[in-house]
*Asks:* 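Handing you this structure, nothing more for now.
Within every chain, numbering begins at 1; the chains are lettered A, B, ... in the order of the sequence lines, protein sequences first and strands thereafter.
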There are 2 protein chains.
Amino acid sequence: MEQGHLSETNDLRCISEALSRVGDKWSIVVVMELAAAPKRFSEVRRALDGISQKMLTATLRGLERDGFVTRTVYPTKPPSVEYALTALGQEMVVPVRALGTWLVANVERVETARRLFDSDRQSG
Amino acid sequence: MEQGHLSETNDLRCISEALSRVGDKWSIVVVMELAAAPKRFSEVRRALDGISQKMLTATLRGLERDGFVTRTVYPTKPPSVEYALTALGQEMVVPVRALGTWLVANVERVETARRLFDSDRQSG
DNA sequence: CTGGATCCTCGGCGATACTG
DNA sequence: CAGTATCGCCGAGGATCCAG
């Protein structure tokens, strides 16, 4: 019996499916944003600057549904809604941040490889 | 000066951009598959079972371009091409596997949250 | 066996306008 | 301020046919 091998075909499907939950254009970014501090709808919107309100709504709904964020409505006037990470969401931040850190740290290497690849294609 | 905070808006863009490189439908899965062992085109295709040959080609090209995999042609007859992870690719496997492991380990919690959310919507 | 070229569909996503 | 509804674009990605 394999122990936590994770490369078994079955797990592979599991991973890709799980990744697709969080691998859309905005989920990760929103989670990272909320990881810093809970924020209101507009705050997140401004912080991300580039996300449409439709996608922000959809993304937050999805994250809420999956148990990564909570949505708290304060019946003030005008109403305000605060989004925050759940325990689950905070836990997820750890591996996500690790991956993000690695990617950011290695952007150079990727771009170097890319330039090499492209120039080889031209002259090659 | 911030120390590796990673949630600064600038890094956030960096992350999302970097993630989009690897966050498409197949890149991660292919990388994980090659992490187990170098494989030929058809082997990867069969192992993944569900990817079209067009997407496999495109994915491998992308990964090769970004310096994550190598492509070695053996001029046999019929020709065979072997794909393998570069050092960069192998390094990336570490954080990716960490995330994948976490995701797989927490699928239950996500699905539970999801069911709760959905039933609340109905009755609420 | 490897993989390029084409066609076509579907869905993500943005823009805009409107409601409470 | 927070959220919904609608429309339209565009690109990811699958199916298929063809070539070295």
*Asks:* Rounded to the nearest 0.5 Å, how far does CG of B/Asp120 lie from CZ of A/Arg65?
*Replies:* 12.5 Å
*Asks:* Of all the choices, D/dG3, C/dG14, D/dG14, which nucleotide is nearest to the side chain of A/Arg61 once you look at every atom?
*Replies:*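 Looking only at side-chain atoms, A/Arg61 lies closest to D/dG3.
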*Asks:* What is the distance, rounded to the nearest whole Å, between atom CE of A/Met55 and atom C1' of D/dG8?
*Replies:*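 Roughly 15 Å, once rounded to whole Å.
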*Asks:* If we only count heavy atoms from C-beta on, is the B/Phe68 to B/Leu34 side-chain gap below 4.5 Å?
*Replies:* no
*Asks:* Is A/Val22 reachable from B/Phe117 through a run of hydrophobic residues whose side-chain heavy atoms are each under 4.5 Å from the next?
*Replies:* no
*Asks:* Tell me: NZ of B/Lys25 to P of D/dG11, nearest whole Å?
*Replies:*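 Answer to the nearest Å: 19 Å.
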*Asks:* Within the 4.5 Å heavy-atom criterion, are B/Arg71 and B/Leu60 side-chain neighbours or not?
*Replies:*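 The answer is no, as the side chains (C-beta and beyond) never meet within the 4.5 Å cut-off.
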*Asks:* Taking the minimum atom-to-atom distance to the side chain of A/Phe41, which one of D/dG3, D/dG14, C/dG4 wins?
*Replies:* D/dG3
*Asks:* Write out a two-atom table: protein N or O, nucleotide N or O from nucleotides 16-18 of chain D, distance below 3.5 Å.
*Replies:*
none

*Asks:* Roughly how far, to the nearest 0.5 Å, is the CG atom of B/Leu99 from the CE atom of A/Met92?
*Replies:* 8.0 Å
*Asks:* If we only count heavy atoms from C-beta on, is the A/Val30 to A/Met55 side-chain gap below 4.5 Å?
*Replies:* no
*Asks:* Give the nucleotide from the list D/dG3, C/dC13, D/dG14 with an atom nearest to the side chain of A/Asp24.
*Replies:* C/dC13
*Asks:* Here's a test for you: under side-chain contact (heavy atoms from CB on, under 4.5 Å), which of B/Val31, B/Thr59, B/Val44 qualifies with B/Trp26?
*Replies:* B/Thr59
*Asks:* Let me know the distance between CG of B/Leu48 and P of D/dG13, rounded to the nearest Å.
*Replies:*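 Whole-Å distance recorded here is 13 Å.
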*Asks:* State whether A/Arg40 places a side-chain N or O below 4.0 Å from either non-bridging phosphate oxygen (OP1 or OP2) of D/dC1.
*Replies:*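 So the side-chain polar atoms of A/Arg40 never come under 4.0 Å of the phosphate oxygens OP1 or OP2 of D/dC1.
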*Asks:* Residues two or more places apart in sequence or in another chain: which of them pass side chain to side chain contact (heavy atoms under 4.5 Å, CB included) with A/Ser20?
*Replies:* none
*Asks:* Are the side chains of A/Val110 and B/Leu88 in contact, using a 4.5 Å heavy-atom criterion?
*Replies:*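 Yes, their side chains come closer than 4.5 Å.
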*Asks:* Is B/Ser52 near enough to D/dG14 that one of its side-chain N or O atoms lies under 4.0 angstrom from OP1 or OP2?
*Replies:*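 It does, given that an N or O in the side chain of B/Ser52 lies less than 4.0 Å from OP1 or OP2 of D/dG14.
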*Asks:* Check every strand shown and say whether A/Arg45 touches a base, only sugar-phosphate, or nothing at a heavy-atom separation below 4.0 Å.
*Replies:* nothing
*Asks:* Could you state the atom-to-atom distance from NZ of B/Lys39 to P of C/dC1 in whole Å?
*Replies:*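 Going from NZ in B/Lys39 over to P in C/dC1 covers 17 Å.
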*Asks:* Indicate yes or no: at least one non-hydrogen side-chain atom of A/Thr112 is less than 4.5 angstrom from one of A/Arg115.
*Replies:* yes
*Asks:* For A/Glu64 and D/dA2, what is the distance between atoms CD and C1' respectively, to the nearest whole Å?
*Replies:*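 Checked: the CD to C1' distance equals 13 Å.
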*Asks:* Take the protein atom CG of A/Leu56 and the nucleotide atom P of C/dG12, then report the distance between them rounded to whole Å.
*Replies:* 17 Å
*Asks:* List in numerical order all residues of residues 69-82 of chain A for which some heavy atom is under 4.0 Å away from an atom belonging to DNA chain C.
*Replies:*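 Going residue by residue through residues 69-82 of chain A, the ones with a heavy atom under 4.0 Å of DNA chain C turn out to be A/Pro79.
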*Asks:* Examine D/dG3: is either OP1 or OP2 under 4.0 Å from a nitrogen or oxygen in the side chain of A/Tyr83? Give yes or no.
*Replies:*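 Affirmative; the distance criterion is met.
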*Asks:* CZ of B/Arg21 versus P of D/dA12: gap in Å, rounded?
*Replies:*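 Interatomic distance, CZ of B/Arg21 to P of D/dA12: 15 Å.
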*Asks:* What is the distance, rounded to the nearest whole Å, between atom CG of A/Leu60 and atom P of D/dA2?
*Replies:* 11 Å
